[in-house]
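These notes are about the structure you will find just below.
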Amino acid sequence: MIKITLPDGSVREYEPGVTSHEIALSISEGLARNVLSARVNGEVWDSNRPIQEDATVQLLTWNDDDGKSTFWHSSAHVLAEALEALYPGVKFGIGPPIDNGFYYDIDLGDQEFGEDDLEQVEKKMLELARGKSQFVRKDIGKAEAVDYYNGKGDEYKLELLEGLEDGQITFYEQGNFTDLCRGPHIPHTGFIKAIKLMNVAGAYWRGDEKRKQLTRIYGVSFPKQKELTEYLELLEEAKKRDHRKLGKELELFTFSEKVGMGLPLWLPKGTILRERLENFMRRAQIKAGYDPVVTPHIGSKALYVTSGHYEKYGEDSFKPINTPHEGEEFLLKPMNCPHHCEIYKSKPRSYKDLPIRYAEFGTVYRYEQSGELHGLTRVRGFTQDDAHIFCRPEQVKEEFIKVINLVLYTFKALGFDNYTAQVSLRDPENKSKYIGDDALWEKAERQIQEAADECGLITVTEVGEAAFYGPKLDFMVKDALGRSWQLGTIQVDYTLPERFQLEYIGSDNQRHRPVMIHRAPFGSMERFVAVLIEHCAGNFPLWLAPEQIAVLPISEKYHDYAQQVLTTLSEQDIRGFLDNRDEKIGRKIRDAEVQKVPYMLIVGEKEESEEKVAVRKHGQGDQGSLALTEFVEKFRAEIVL
RNA sequence: GCCGAGAUAGCUCAGGGGUAGAGCGCUUCCUUGGUAAGGAAGAGGUCGGGGGUUCAAAUCCCCUUCUUGGCUCCA
């Protein structure tokens, strides 16, 4: 007998060769019906794979992320089976599960494939699912595997096989389809009850744009029809939060074909929102010892040759601007740091001056590929809440920690709690992508991790995500549709001070090189506002709302009093407007609600005679009447910042 | 940049080889109303731009611009 330890710590005894499915069956039949796979000694296995020795076993169902992954991975195989049935000769790349479903990359040769073709594939998949074909795992020798794919002429699978060692290769077979696959899989296709193929996209083989582009089909599947329906409804709801939609509805920003793609135009209401955020950051930065600076939008090409930006990005950047007669070359600034370095150099610095912290809401311009532009989150011209800290080497960690705290303070003030802190390191396989020497990189990488640890930040590490001049600590946030965006960023940089020959005189009267920290808590105003809009679904905190109050007179007779109310509030820096349209009160309320105005002040005969306002709160309805001064107090109390 | 989808009134969208449509918004008039849409009338479009097929193109074909779902990229 072997001992099986379950997650609750209980130990049960079984014959060697018992499967997780049988273990489930010994607990309850209902559980057995729902088991998709099992974590055996930490590794996810097929539920019908025999266990020969003592093991800890966690049965995985739809409620476990790993269970879902198994389910979607198997769904990808069913997709492949359907495609092979409908498009003979199709070749397969990879078909993994992802966060919300699965995809398969395929090569259809000359055949065209569009979104209209999805329905047919979906139907075929459901038909195959109903067939309840078992997923059969097979160990297979490398030579045999190579023979199999040579026979099919599938160069992609052959390439994958090249990277695998003989003796560790497995095939999975279900119905008429066999796939090179590590597994695990669900017991049979019948578990899959609902399928939706979402879209078709191009995807480069092995993520390399120089290689062939395959057709990627994205899909999602569920054990119950109802879950699919709910998922699709959730997607619809998420679309309502999309900052591009809300940005238009709430008149925050717009784009114009004439101005140019990726160049946002901030409308008056969006500008108020943005300026509130900027002022918030200005205040926080002044408290934290930053000195504001201002630099121009262009800089001599030589500046970026020095910084290394020209060499790194010059080729696929906006082209230089030339002066008409002299032919001098200037670049639209893609970064503020070179300018700030030159400010640092404007006079000799003593160790007593450091750290020096230069802050600027600097607008930068970067060429982004047309297909990559996206609302306010990916644009060609944007404003960073940028700052560069020049400090002594021994001050790096302390300064870095201060910046982390500034970022965390900012996120907290805005209710962002679902961020991921990501340590972005250099790709050691591909050092030519970066500038600066190894020892300095290693030092910087170590300092970032230490600072994050000391702040108690839980971090994930991404290799190859560093900036070309240094490692980063990035704060990532997801948008309404689950896409991840980088907001705040903090970067330690030993390279630019070197390239710009920055110096300070130490207590030893010798010249020393300062260290730079690049940082932007918001990242860019554009992207931050986009994520903020989606985060609060357009219901901004009171201090940020472009329009904080709407004064709504019951009828024309109260326009004068309403105007008086508005004027009084404006004098107290409360932003609002008077709706003096010839409409009924219900209509005015509805329109103010739709525009997500936090407070509506309704004034009629009663209010005028008592010098009060009837307060209505967005989304919550009537709050009763208050004297104007009482309302202002209540209003102020709500603004904690 | 690449693969897929799309562009019709200010907005959201229907239509589809032969007088250009709806709802909302806008203008004017009526209505002076108490907590999520009062009524009527009217204005508004070279159907993204260019070329082709056709007696006839918003509709079919090609090119182009922009938007969009992905991929690659992201200082």
Side-chain angles (χ1 to χ4, degrees), chain A residues 103 105 108 112-118 198-218 242 244-245 248-249 251 255-258 260-262 304 307-314 316-317 333-338 364-375 377-380 384 386 433-435 465-470 472 481 483 485-486 489 491 493 496 518 527 552-559 582-594 600-607 614-625:
Chain A
Y103 67 78
D105 283 348
L108 283 159
E112 288 196 6
F113 192 89
E115 250 142 61
D116 299 340
D117 303 306
L118 291 178
M198 306 300 288
N199 50 45
V200 183
Y204 301 106
W205 171 234
R206 302 217 129 175
D208 183 346
E209 66 178 321
K210 289 179 192 73
R211 307 198 62 180
K212 183 159 183 174
Q213 188 162 52
L214 306 181
T215 303
R216 176 170 297 178
I217 300 175
Y218 283 93
D242 191 315
R244 292 167 298 184
K245 181 177 156 67
K248 193 180 273 185
E249 285 170 4
E251 297 181 12
F255 287 89
S256 149
E257 207 169 307
K258 264 218 177 83
M261 58 162 101
Y304 303 102
S307 72
H309 289 99
Y310 188 79
E311 192 195 342
K312 176 79 181 167
Y313 296 102
D316 21 53
S317 208
K333 78 171 165 188
M335 282 293 277
N336 304 299
C337 33
V364 297
Y365 300 88
R366 298 178 182 176
Y367 167 76
E368 304 283 2
Q369 298 186 90
S370 59
E372 196 51 56
L373 299 173
H374 181 92
T377 50
R378 190 80 185 263
V379 287
R380 285 179 168 174
Q384 297 175 309
D386 209 0
K433 277 166 65 182
Y434 311 93
I435 58 176
E465 293 292 309
F468 75 96
Y469 50 74
K472 311 188 282 176
L481 295 170
R483 291 173 291 217
W485 298 97
Q486 175 200 311
T489 180
Q491 310 166 7
D493 183 1
L496 282 190
H518 307 241
R527 183 175 289 177
L552 312 179
I554 296 283
S555 84
E556 210 176 331
K557 285 185 251 171
Y558 314 107
H559 281 187
D582 183 10
E583 293 290 351
K584 291 206 206 175
I585 194 65
R587 178 51 179 275
K588 295 181 186 180
I589 287 170
R590 182 190 146 78
D591 289 346
E593 289 278 355
V594 168
M600 285 149 273
L601 303 180
I602 294 144
V603 295
E605 189 180 354
K606 236 172 38 198
E607 288 73 21
V615 179
R616 183 188 164 100
K617 196 166 184 178
H618 171 72
Q620 293 179 27
D622 196 355
Q623 308 282 298
S625 286

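Chain letters run A, B, ... following the sequence lines, proteins first, then strands; residues in each count from 1.
To the nearest angstrom, C1' of B:C66 lies 11 Å from CG of A:L373. Atom CG of A:L108 and atom P of B:G4 are 11 Å apart (whole Å). At whole-Å resolution of the value, NZ in A:K588 and C1' in B:G33 are 9 Å apart.
Counting distance only, with no hydrogens placed and no angle test, the side-chain atoms of A:E607 and the base atoms of B:G34 include a donor-acceptor pair under 3.5 Å. Taking only distance into account, the side chain of A:R366 never meets the base of B:C73 through a donor-acceptor pair shorter than 3.5 Å. A:R216 contributes no side-chain N or O that forms a donor-acceptor pair with the base of B:C3 under 3.5 Å. Side-chain atoms of A:Q213 and base atoms of B:C2 include a donor and an acceptor less than 3.5 Å apart. Below the 3.5 angstrom threshold, one finds a donor paired with an acceptor across the side chain of A:Y204 and the base of B:G1.
Residue-to-nucleotide proximity on RNA chain B shows that, of A:A466 and A:V603, the 5′-proximal contact is made by A:V603. Toward the 5′ end of RNA chain B lies the nearest nucleotide of A:M261, the other residue of the pair A:R378 and A:M261 mapping further downstream.
OP1 and OP2 of B:G38 both lie 4.0 Å or more from every side-chain N or O belonging to A:R590.
Taking the six-membered ring for Trp and the full ring otherwise, the centers of A:Y313 and A:F468 sit less than 6.0 Å from each other.
Side-chain polar atoms of A:R216 and A:Y218 form a donor-acceptor pair below 3.5 angstrom.
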Protein-nucleotides 10-13 of chain B N/O pairs under 3.5 Å:
| unit_1 | atom_1 | unit_2 | atom_2 | d |
| --- | --- | --- | --- | --- |
| B:U12 | OP1 | A:K248 | NZ | 3.2 |

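Remark: ring of A:Y469 does not overlap the six-membered base ring of B:A75 in a stacked fashion, as centroids less than 5.5 Å apart with planes less than 30° apart are not both met.
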Under the rule of Watson-Crick or G-U wobble with both distances under 3.5 Å, where | means paired to another strand and [ ] a crossing pair, RNA chain B maps to (((((((..((((....[..)))).(((((.......))))).....(((((..]....))))))))))))....
